[in-house]
Amino acid sequence: MTTATPDTRRPVDPTVQHQIEQFLYREAELLDDQRFQDWLELFSDDVHYWLPTRVTRTVRERSLEVAGPEGAAFFDDDKTFLRGRVRRLSSGQSWSEEPPSRTRRLITNIRPVELADGTFEVRANFHVLRSRAERHHDTFFGERTDLLRRIPREPGFQVARRKIVLDTTTLLAPSISIFL
Amino acid sequence: MTTATPDTRRPVDPTVQHQIEQFLYREAELLDDQRFQDWLELFSDDVHYWLPTRVTRTVRERSLEVAGPEGAAFFDDDKTFLRGRVRRLSSGQSWSEEPPSRTRRLITNIRPVELADGTFEVRANFHVLRSRAERHHDTFFGERTDLLRRIPREPGFQVARRKIVLDTTTLLAPSISIFL
Amino acid sequence: MTTATPDTRRPVDPTVQHQIEQFLYREAELLDDQRFQDWLELFSDDVHYWLPTRVTRTVRERSLEVAGPEGAAFFDDDKTFLRGRVRRLSSGQSWSEEPPSRTRRLITNIRPVELADGTFEVRANFHVLRSRAERHHDTFFGERTDLLRRIPREPGFQVARRKIVLDTTTLLAPSISIFL
Amino acid sequence: MLDVSELVQPENGLIHPSIYTDPEIYQAELEQVFARSWLFLAHDSQLPKPGSFVQAYMAEDPVLVVRQRDGSVKAFLNQCRHRGMRICRSDEGVARAFTCTYHGWAYNLAGELVNVPMQERAYHNEIDKSNWGPRRVPRVHNHKGFYFGTWDEDAPSFEEYLGDMVWKLDAMADRYDEGISLVPGATKWVIDCNWKFAAEQFASDMYHVPSSHTSALVALVEDPQILAELHELNLTVPGRQFSGNGHGAGFALRPDILPSQSGPEFDAWLDAHREEIYRRGGEQRALAANGHNTVFPNFSWLDINNTMRVWHPRGPGQIEVWAWTFVPQGAPEEVRNEIRTSTIRSFSPAGVFETDDGENWTEIQQVLRGHMARKSLFNAQMGLGHEKQGTDGMPGRVTDDMYTEMAARGMYQRWADLMSGLSWQQIAELDRNRQQQEVHTA
Amino acid sequence: MLDVSELVQPENGLIHPSIYTDPEIYQAELEQVFARSWLFLAHDSQLPKPGSFVQAYMAEDPVLVVRQRDGSVKAFLNQCRHRGMRICRSDEGVARAFTCTYHGWAYNLAGELVNVPMQERAYHNEIDKSNWGPRRVPRVHNHKGFYFGTWDEDAPSFEEYLGDMVWKLDAMADRYDEGISLVPGATKWVIDCNWKFAAEQFASDMYHVPSSHTSALVALVEDPQILAELHELNLTVPGRQFSGNGHGAGFALRPDILPSQSGPEFDAWLDAHREEIYRRGGEQRALAANGHNTVFPNFSWLDINNTMRVWHPRGPGQIEVWAWTFVPQGAPEEVRNEIRTSTIRSFSPAGVFETDDGENWTEIQQVLRGHMARKSLFNAQMGLGHEKQGTDGMPGRVTDDMYTEMAARGMYQRWADLMSGLSWQQIAELDRNRQQQEVHTA
Amino acid sequence: MLDVSELVQPENGLIHPSIYTDPEIYQAELEQVFARSWLFLAHDSQLPKPGSFVQAYMAEDPVLVVRQRDGSVKAFLNQCRHRGMRICRSDEGVARAFTCTYHGWAYNLAGELVNVPMQERAYHNEIDKSNWGPRRVPRVHNHKGFYFGTWDEDAPSFEEYLGDMVWKLDAMADRYDEGISLVPGATKWVIDCNWKFAAEQFASDMYHVPSSHTSALVALVEDPQILAELHELNLTVPGRQFSGNGHGAGFALRPDILPSQSGPEFDAWLDAHREEIYRRGGEQRALAANGHNTVFPNFSWLDINNTMRVWHPRGPGQIEVWAWTFVPQGAPEEVRNEIRTSTIRSFSPAGVFETDDGENWTEIQQVLRGHMARKSLFNAQMGLGHEKQGTDGMPGRVTDDMYTEMAARGMYQRWADLMSGLSWQQIAELDRNRQQQEVHTA
Ligand code: FES
Ligand code: FES
Ligand code: FES
Ligand SMILES: [Fe+3]
Ligand SMILES: [Fe+3]
Ligand SMILES: [Fe+3]
């Protein structure tokens, strides 16, 4: 789940921790408020937004549990396609989100490390609750590993890479018409 | 969801963040421990405790999704009635809480801002899990927007306003016999 | 739920809070990553790992709700038996975890206090989500009360005592084949 | 047709619990009870302008209730006739037309199919659009701003269906010159119990109040002295119960329409409108508007708590409650707001009365998982043999106390008649005979 | 009556999987199996003083088991006869009386209706309270501190029902002069599988241990050398299996009652009480108390693991397990605590043995969603044709090995007899003939 | 046998919605439709070496599909015959043998029972292992790397079952000299709808695209001008629809195999392989590979979106979708990757097309909880009476437009024939007559 080697990884102090947490809370807030255009701003133009699939395998074969870059995925987007998704969500004709879902993102266990190049690798747990229409409920949970870059303007960071891993194999939902 | 205008809103430093977080955790602890009298102390005498209803509408009409002050609500209490609820919960005859429910409050994504008048507007996500009797389970999730005032004594803050918004329309529970 | 008397309990500053949070996140990460041997390292040799049962009783009899030390429990382990459990989980024949479950631990509302002897009593809320096989899902939620000791080496703390209380009576799961 | 004569014996006040749990009985209820009765759809105040619509339910069937350009209200099944897609997926709003998102068939406000994409290319202009509109609710009746509908062409008129219950309905619906309106927004929640527990309680059960709602008074009243008095009052105040056509109502005999139970603002306003209220339906009717009411099968309200609701069935073991608060149309904002908050605090999912009602119903339903539990007859014999008619000259079967289960027995009688597949005429016939017998035996 | 003769063929060791999935069969089980059999209710140690009560279940029916003032124990359905409310909603406690929260009907410790609010005003004093108490469990039997109950007036006495199984039950229940007691608190959890998988395994299945529980030994033992020996021992140690009246038990032939599998404290204590234990039931019985046991239909225990449980059915695809740890009443705290922890660690939802049992049962049930899967007969032929009686002079059908499915076949035979609606006499008759035949063919 | 003649009337284009909700009909479908038809199991590329296995499903029955040492592929029910345990609990992997974890029975790659623990001690060597292997899938057919299986010994050969649909299947499966392979990993998700909604749409429904998928184009295309043109193109481009043996397919008449809808890399590669592609099946077939396809009952794919899936039924109201992306085996990494990402973005649970399809199906199913909703016939009359055969000389029933519901009617006809319990011969007979009539009436 992590690429950098230990020696190049430094823990962060409470101040940086606070900044990163607020940044991730801010991001979640924009999605829960459905301010998709503003949300898009938080991602670098070279971002890779990825959610690979997962299978059930024996302990011995656990390394093969999560699909690799050449495998099946739920998301495998670049900035351009993220823009397209946002355009669609704002079209008023995206039927699986029109009327819109109600979502709530619990972002917890935020574990940042600073890498040699001054970027931050942040692992965090998430539990996203979604309700839509009259009584439909979905729940998505797992771990995100983000690569954050400092930027000289508000809100101070940018997501340069996001890998999402769900703790499920068969998705017990009709769709992921939201962002995670 | 927020009233103050941007310019009057200042982010808080890690120390204040820590104080506010511990205050909200403390509040949740008192409820999960069913120490209702102590919980009541945390609210100002002029508190407005409000949980409006919500409907499913198109993206275009989203502003009408959450009911306004004149609309239907689950809670719309002042301090006096909160006291009455606590009296009732302590009566031993509040059948929907006798035997009592078991609750757990996950308070996450805490986002405080300091307002011009030195009060704090705090948005936070919550996921409240409730189990009661033998196997009954309910789950409540959404966002709270609190107005916190500093007080010169422990625990340092008071809730002067709370607006709770659930991310559901039809409540999939037989009752909200607890506080959120 | 807590043993020390008020006067001997001191709140912690943001730095210690940060250290303790990262320690608990680290612990959760090791479990979610199924690095059980490394996880074991985080517990003192005299650790008591305990999850008592719970019953539904009237408000008046609430003190009897959670079973005492002589009562029924889900876990009541010492370090030696924790080692045995880890041995088993690594055996490749622990069928209820072979293939392994997928777990995600949300550790929230972390409330540490420093005790007179320099140890820390930490109450935290947890919501553990588990999925296994094709579509099986379980959810465990409640409160943990840990006793943490400082140690002179990484990661800086050790769990000397853990009491877990689930907010359920009848467990709505076929097993707790994981750690909480 | 199911034989339910063994299951409910109104004449003996006995109920077999399987009527609350059996899936077959439930499916039969959808067909024999809900598809034949008059069901509440919406209130005028929910449909302010042409194109205003709300999605309502008739039992488990979603229907769109729409204000027409001519001011009338029409209702139709919210199901596209092409492949069954839900035509409109908003709870409410204002529309010019309704377009199905699946393939784009479009319907006007009256629910007529007005556009079919590629009608020429795909359908060779052979589709008769007039045949393929969604199923219309054939009969919609406006009773003083309350819209009721039924699928049954053979059902009696709404007035006939309502019978003497009109007296109680109008005591609420027709109380003020300017009428009433609903606080914006329905409160909806789910209770895991059979719909009849809720409907029956609001029809017939004043008896549960002292036991179930003790703690509610504790929340409303601090002074233990006053608490004791109120409790005493509950046990001693005289009252009446009405039963007819399956409907039921109970109320205390109070000397005045005050206090309102909402607060000083409303009290003052009511006091000022006393004449008006008495004038509209008479003082007796005005004073009777202080209790519980159910219009068969699933429309209920509480007069002085200003709450009105439908108990939508959702399988034998679940209901979806849709509740509204009603206020005097003409009252000033402070009055309407005082009523609104007091209703929220007493009758809503967090209301200090409501939560304890739900607890009872869910536990009853839970216990009925048991095999022996489902074999034990329930006792609905309170006041059996003491039924009266026209007490104090009130219309219909009105008995001389509010602590009785006459209305419950009446509700299950109507339920059994419908479930047995009797025609509406046969039912009317039977009811006449039953009441005559009652008179004689009385 | 369902014809189940096609579904289970004990004589051929064949089982049709639909008996684990069919909802109709399940409802019939509630009526024919659970409502006619003796079911475990509670143990003396759970009811320390007058007014002590626990809520127990008889299949899906909740019953209150209450210690009376005279020291006896009574049980009744936890359902109010007025509208079916659960009378008491606590799992356990001490009560002076039970008051239904819905309308306030009150019951004494014996489950008699003693107070009806407003009996005069509402009921005109015409309600006969003696008729309206909750349904009593008509027969409750105290077997050495273990209370069993049945709804069936025609069922044989508990002793007769138990038959030769009493030998195994007493090997646990009657082992010490001071008897046994339960560790305070039941452990309750839910497994998505049919109840018969669990009951059958504890009646008849020593065979799964080497495969299912390998890793449990890994947890208990570090030394691989010892591990290998233990595994070898499992495969080679001789053993016996008992089957009678649907009950079943299996055990190894061990030279000693030690080691206890709990630890040194208990070992020492047992060693000191060897005489006592042998004296009470004989050495052979004492030594036999080391295996698995099920009293038909759903009460099971493991002797040396000191765990006892009821498999409450919750629909065809789910059980609720209620487990207790039993300890020698007279043993000191250290001994009882050692047993308690060792049982928690091995047989509880987190126990290193228990978790793997549940995994098997849930997967079996999952696969049975399949249409072909539900058509494939299961094989219960282990030891078919090799049944024996009275091996080593032990009472009843005791065969000469513990690796057999004789007891499983016996359990399904009893199940089929009951499901066929045979009277208890007919069943006893049939069993006699079957055993005689067996003797001859042997 | 259920009489479904009332429920589906293909000749009138009418469908009774209860076929999507009735639990009895669903159980009959498992037996009459899924247990008799050829179902997709796996593709060659999923089973790279001897011992490679995947768990697949045939409706609700889990089967292990295993590559044998001789390179062949065998399949058997993933259920142990002893007590029904799931033999292998991994989704995929490489195995030497399969050992049941419950009691240790072991099976070889072919699904033969090869080891029974304690065979001598426990079974007295009397168990005939050859009788107790898991149920084998008796017929597995390899069609150009696609493995299909059926439980039905009497079903026609796969070729005969496929009929003229082979032309469309091979347009995808047999498109390149080096064939195709699947991107590693299936994407699996759950939709609460009846399986027929999905199968039918992929067989017959080009008509929903303009309405349901407008916003998908918005995601793919920024320029509003181009958007408008694309939308216009959808409405005007000519097309064809095929229907036969319950299978269905629809496609546009495009002048070229380009653009691919995946991107420049694939376009370039296709352009370079144009000759090869045309050579293999002819230009007409190559150009036809641009639409939607369903092989009855539940195997579907979209040609230019490179997605292939099975709609596994999970009760009347739920499906589990298993989807794969297919790529040209011989294409370089960049091309395969471009296809992979474009498919993920369009057809997957987060795909901009896929999410809106699911929304339609779930809402339809929800509405069908209603009693009246379940009584309203659906309209499948598009193009009724305008069916054609052999349009443009294409094989079988190919009509002259893609906006028709001929294939839907064909699918429900096959469904009705199977549900009626007709033999495969009777069905073939009937189909012949129906088509002859069609020709005459045409
Ligand atoms: S389902 Fe409404 S247009 Fe097709
Ligand atoms: S239900 Fe118990 S008193 Fe009415
Ligand atoms: S169930 Fe497979 S070996 Fe027993
Ligand atoms: Fe009430
Ligand atoms: Fe076991
Ligand atoms: Fe589509």
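Only heavy atoms go into these numbers, but all of them, side chains included; no hydrogens, no water, no symmetry mates. Below, chains carry the letters A, B, ... as their sequence lines are ordered, and counting in each starts from 1.
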Under 4.5 Å to a heavy atom of chain E? For F:R89 that would be side chain
Interface check, chain F: of E:M402, E:E359, E:Q366, E:Q365, most non-hydrogen pairs under 4.5 Å belong to E:E359
Applying a strict 4.5 Å limit to non-hydrogen atoms, the region of F:N131 in contact with chain E is neither
When the 4.5 angstrom heavy-atom criterion is applied to F:P134 and chain E, the contacting part is neither
Applying a strict 4.5 Å limit to non-hydrogen atoms, the region of F:A59 in contact with chain E is neither
When the 4.5 angstrom heavy-atom criterion is applied to E:D357 and chain F, the contacting part is neither
The interface call for E:T404 against chain F, heavy-atom contacts under 4.5 Å, is neither
Residue from E:D205, E:T362, E:I364 scoring the most non-hydrogen pairs under 4.5 Å with chain F is E:I364
- Does a side-chain N-to-carboxylate-O contact under 4.0 Å join F:R36 and F:E31? no
Requested in this report: Determine yes or no for a side-chain-to-main-chain donor-acceptor pair under 3.5 angstrom, with F:T294 supplying the side chain and F:F296 the backbone.
Outcome: no
Sub-4.5 Å side-chain heavy-atom contact between F:N194 and F:W361:
no
Honestly, the part of E:L384 sitting under 4.5 Å from a heavy atom of chain F is backbone
Query - Side-chain heavy atoms of E:F202 within contact of E:L302, under 4.5 Å - result: yes
Okay, E:T236 and chain F: the region with an atom under 4.5 Å from a heavy atom over there is backbone
Counting heavy-atom pairs under 4.5 angstrom with chain F, the leader among E:E363, E:H386, E:H213 is E:H386
Test of ring centre spacing under 6.0 Å for F:F299 and F:F148
yes
Q) Does E:S243 reach the main-chain N or O of E:G248 with its side chain, forming a donor-acceptor pair under 3.5 Å? A) no
Residue pairs passing the salt bridge (Lys or Arg N to Asp or Glu O under 4.0 Å) test with at least one member in residues 114-130 of chain F, sequence neighbours excluded, are E:D401-F:R121
Highest number of heavy-atom pairs under 4.5 Å with chain F among E:V237, E:D356, E:V209, E:L368 belongs to E:V237
So, the part of F:L30 with a heavy atom under 4.5 Å from chain E: the answer is both
One option among F:G104, F:A122, F:A35, F:G315 has the most heavy-atom pairs under 4.5 Å with chain E, and it is F:A122
If one checks every heavy atom of F:H124 against chain E at 4.5 Å, the contacting part turns out to be side chain
If we count only N and O atoms by modelled type, under 3.5 Å, do the side chains of E:E6 and E:H16 hold a donor and an acceptor together?
no
d(F:Y107 OH, F:L109 CG) to nearest 0.5 Å is 14.5 Å
Residues at least two apart in sequence or cross-chain that pass ring-ring contact (aromatic ring centres under 6.0 Å, His included) with F:H371, listed by chain then number, are none
